[in-house]
Amino acid sequence: MVRELALPDRTDLTGVCDAAAAYLGCPVRIVPMRLNGAASGLTARTDDGYWIFCELRTSAWHRTHIVLQEISRLLLDHAAPGVTGRDGSASRAAEVLGGLLMARVAPSPVDRGPEPTGRAAELAAVLAPALRHRRDGPHRRADRGADGDGGKDGAARGAGTGDSDGGSSV
């Protein structure tokens, strides 16, 4: 897959998104936003491409890892539709591909990206209620304080639900 993407030895997330977009035949965009522990990353498909939402409040390296895991799932599902579930060998394949991609990517150490605007902000607004529901589901409410904000520990509890990196597809 890495060979098929024709990535250079060193690139950035924009380069990987461009290569993935060429492979998938539609744009792949990254939207850093506050996911508040509901997930560390998720992917939405619209008529104008893929939108990868990733946690804004984490390190550049972790954000890069999150995005590459989501891109890996997209690429593997495109290559063999229906095989990139969140469990078992398909999930491990996405982790391996994400690691191979990570070896080529050099993220900026400080760039957290802008807050979403335009279409990205519209999609983020639509996703926000679902993320709050996932974060504040019945099994988690008891763990949170009266204000519903789990803080650092709550974010850690919310991450990782469903798979090893907390990602989710929409």
Side-chain angles (χ1 to χ4, degrees), residues 1-56 58-107 113 116 118-135 137 158-170:
M1 181 63 65
V2 174
R3 269 193 304 269
E4 287 183 47
L5 294 175
L7 292 170
D9 288 340
R10 298 304 286 164
T11 188
D12 57 14
L13 276 178
T14 301
V16 176
C17 285
D18 291 346
Y23 183 84
L24 297 167
C26 62
V28 175
R29 298 174 186 92
I30 302 169
V31 184
M33 66 179 278
R34 293 177 180 214
L35 298 176
N36 296 319
S40 56
L42 60 98
T43 299
R45 173 72 160 110
T46 65
D47 58 352
D48 54 346
Y50 290 100
W51 300 81
I52 298 174
F53 296 86
C54 60
E55 179 57 56
L56 174 68
T58 191
S59 72
W61 283 103
H62 185 224
R63 200 170 32 262
T64 299
H65 170 77
I66 293 164
V67 170
L68 293 175
Q69 289 288 108
E70 294 296 317
I71 288 174
S72 295
R73 288 184 184 101
L74 292 174
L75 294 170
L76 292 171
D77 193 49
H78 184 79
V83 299
T84 57
R86 299 289 176 183
D87 314 344
S89 63
S91 183
R92 284 188 294 280
E95 289 175 19
V96 169
L97 179 55
L100 292 171
L101 294 173
M102 186 77 172
R104 294 176 179 252
V105 174
R119 179 79 167 131
E122 292 171 18
L123 288 169
V126 169
L127 290 171
L131 292 171
R132 276 192 301 276
H133 175 75
R134 181 174 176 176
R135 181 193 69 217
T161 312
D163 70 354
S164 63
D165 69 355
S168 177
S169 293
V170 175

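Worth saying up front: this structure is predicted, and the values here are computed from it rather than measured.
Atom OG in S72 sits 9.5 Å away from atom NE2 in H65 (nearest 0.5 Å). In this structure, the separation between CG on L56 and CG on N36 is 10.0 Å, given to the nearest 0.5 Å. Remark: F53 CZ to T43 OG1 distance equals 9.0 Å, nearest 0.5 Å. Atom CD1 of residue I66 and atom CG of residue L35 lie 8.0 Å apart, to the nearest 0.5 angstrom. Expressed to the nearest 0.5 Å, how far CD of E95 lies from CE of M102 amounts to 13.5 Å.
Looking at V31 and L123, their side chains never come closer than 4.5 Å, going by heavy atoms from C-beta outward. Residues E55 and R63 fail the side-chain proximity criterion, which asks for heavy atoms closer than 4.5 Å. Residues V2 and L97 have side chains in contact (heavy-atom distance under 4.5 Å, counting atoms from C-beta outward). Two residues are said to be in side-chain contact when any heavy atoms from C-beta on lie closer than 4.5 Å; L101 and L5 meet this criterion. Contact of the I52 side chain with the L74 side chain is registered, since non-hydrogen atoms from C-beta on lie closer than 4.5 Å.
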Only distances under 3.5 Å count here; give the side-chain donor-acceptor pairs of residues 20-29 to other protein atoms, sequence neighbours excluded, each with its distance to 0.1 Å.
residue: R29; atom: NH1; partner: D48; partner atom: O; Å: 2.8
residue: R29; atom: NH2; partner: D48; partner atom: O; Å: 3.4

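Legend: residues meeting side chain to side chain contact (heavy atoms under 4.5 Å, CB included) with V96, ordered by chain and number and at least two apart, are L100.
Residues I30 and C54 share a closest heavy-atom pair of CG2-SG, 3.9 Å. Residues Q69 and A94 share a closest heavy-atom pair of OE1-O, 3.4 Å. V105 and L68 get closest at one heavy-atom pair: CG2-CD1, 4.0 Å.
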Please walk me through it: do R119 and T46 pass side-chain contact (heavy atoms from CB on, under 4.5 Å)?
CA-CA 11 Å; R119 179 79 167 131; T46 65; 3.6 Å; yes
Just do the side-chain contact (heavy atoms from CB on, under 4.5 Å) check on I71 and C17 with the steps written out, would you?
CA-CA 8 Å; I71 288 174; C17 285; 3.9 Å; yes
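A salt bridge links R73 with E70; the closest basic N to acidic carboxylate O contact falls under 4.0 Å.
The backbone N or O of A103 sits less than 3.5 Å from a side-chain atom of R10, completing a donor-acceptor pair.
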